[in-house]
Amino acid sequence: AKDAGRNTYRFFEDRMNAQAYQRLMLETALRRAIERNELALHYQPQMGMPEGHVVGCEALLRWTSRDLGEVPPHRFIPVAETSGLILPIGDWVLREACRQQRQWASEGRPDVRVAINISAIQFRHAGFETRLKDILDETGADPAQIELEITESALMQAGSDIVDRLWGLRDMGFTLALDDFGTGYSSLAYLKRFPIHRLKIDRSFVKDLPDDAEDRAIASATMSLARDLGMAVVAEGVETAAQRDFLVAGGCRILQGYFYGKPVPATVFTDTWLSAEVE
Ligand code: C2E
Ligand code: CA
Ligand code: CA
Ligand code: CA
């Protein structure tokens with residue numbers, strides 16, 4: 001029994017080492033990702049309802065590492081966050097997405113809004129507003145066409161000045177979206193005070209619509225709450241016509257998901273979603 005215990009321990013130790021090693025490999029490779037030009041943004045269309053045309057997109061980060069190949073965001077974003085690398089990477093994302101908005105505007109599509117994911121760590125960082133301002137100046141992007149997606153948990157972790165900061169970002173002209181809504185623990189009392197334009201219903205609540213009774217209740221409650229608070233609702237992860245119909249009937253005005261299109265590189269997005277639409 002003693003041996004077995006020791007073996008179990010050794011097994012865990014090896015596993016821990018393997019995990020720590022994996023992490024170190026990722027972090028080392030990620031540290032060079034920007035200079036090696038391995039990062040890219042893909043863009044997923046967001047469709048305005050009920051008309052069903054493109055109103056914008058969400059920028060989603062992709063990393064093709066020379067050493068590790070394609071690494072998905074759910075593997076490298078947490079490493080970027082614990083290592084602090086999310087700050088330079090987040091800056092890169094902001095600059096690249098703003099540059100792209102500006103480019104689409106100059107190509108005759110100033111109406112295409114670009115949503116950008118902001119990490120809690122990035123948002124908490126003291127220099128965040130200054131960085132944003134610099135990047136706007138540098139790229140010439142229109143803040144009204146830039147949507148900052150901040151997660152529910154990031155807002156909850158923020159300090160007591162959170163409401164003032166959100167007003168500050170709004171005054172700078174940005175659109176503000178509360179991402180992954182329903183997955184954290186937003187107090188509804190707080191939500192009322194947040195000057196947010198949009199609630200983004202998390203994919204986990206959309207996935208089993210319209211069959212699942214609980215998800216129907218959560219989605220409907222979110223849509224009516226948003227309406228009462230004067231916010232718009234964006235649904236992500238829409239994969240079927242039945243999900244679309246349920247969400248549109250509930251008053252959701254913007255849909256995003258594989259039903260419409262997957263995230264694609266900017267050039268593909270332009271060809272697929274913007275060129276054909278010139279009227
Ligand atoms: P998220 O912000 O919730 O983004 C939505 C995720 O759902 C994306 O995964 C998107 O590709 C995926 N998705 C969209 N529609 C569908 C659908 O119909 N079906 C399914 N099965 N999936 C769908 P992705 O690109 O792998 O990103 C995962 C997460 O990584 C994002 O979740 C976000 O939290 C984070 N992330 C991605 N890019 C960035 C970034 O630039 N900065 C930061 N801080 N986080 C990012
Ligand atoms: Ca998002
Ligand atoms: Ca989500
Ligand atoms: Ca259920």
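All heavy atoms count here, side chains included; hydrogens, waters and symmetry mates do not. Ligands are counted one by one from 1 in listed order, and the atoms in each one are counted from 1 as well.
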side-chain hydrogen bond (donor to acceptor under 3.5 Å, both in side chains) assessment of Gln256 paired with Gln46: CA-CA 5 Å; Gln256 175 186 347; Gln46 294 187 333; 2.9 Å; yes
Thr64 and Glu38: CA distance, side-chain angles, deciding distance, side-chain hydrogen bond (donor to acceptor under 3.5 Å, both in side chains) verdict: CA-CA 5 Å; Thr64 310; Glu38 295 173 344; over 6 Å; no
Atom name of the N, O or S atom in Glu58 that lies nearest to the Ca ion (ligand 2): OE2
Ionic contact status for Asp137 with Lys133, cut-off 4.0 Å: yes
Considering only N, O or S atoms of Asp202, the one closest to the Ca ion (ligand 3): OD1
Side chains of Gln103 and Arg99, donor plus acceptor under 3.5 Å: yes
Asp180 near the Ca ion (ligand 2): N/O/S under 3.0 Å: no
The Ca ion (ligand 2) to nearest N/O/S of Glu236 below 3.0 Å: no
Heteroatom test (N, O or S) for Asn117 near the Ca ion (ligand 2), limit 3.0 Å: yes
Lys207 side chain to Gln243 side chain, donor-acceptor N/O pair below 3.5 angstrom: no
The Ca ion (ligand 3) contact by Asp179, N, O or S atom under 3.0 Å: no
The Ca ion (ligand 2) - name of the N/O/S atom of Glu149 that sits closest to it: OE1
Residue shell around ligand 1, heavy atom under 4.0 angstrom: Gln44, Glu58, Leu60, Leu61, Arg62, Pro73, Ile77, Val93, Asn117, Ser119, Asp179, Asp180, Arg203, Glu236, Gly237, Val238, Glu239, Gly257, Tyr258, Pro263
Phe269 and Trp104 aromatic ring geometry - parallel, tilted or perpendicular at 30°/60° bounds: tilted
Ser65 side chain to Asp67 side chain, donor-acceptor N/O pair below 3.5 angstrom: no
Asp91 and Arg131 ion-paired at < 4.0 Å: yes
Verdict with supporting geometry, Lys200 and Glu58, salt bridge (Lys or Arg N to Asp or Glu O under 4.0 Å): CA-CA 12 Å; Lys200 209 164 173 190; Glu58 178 176 4; 2.8 Å; yes
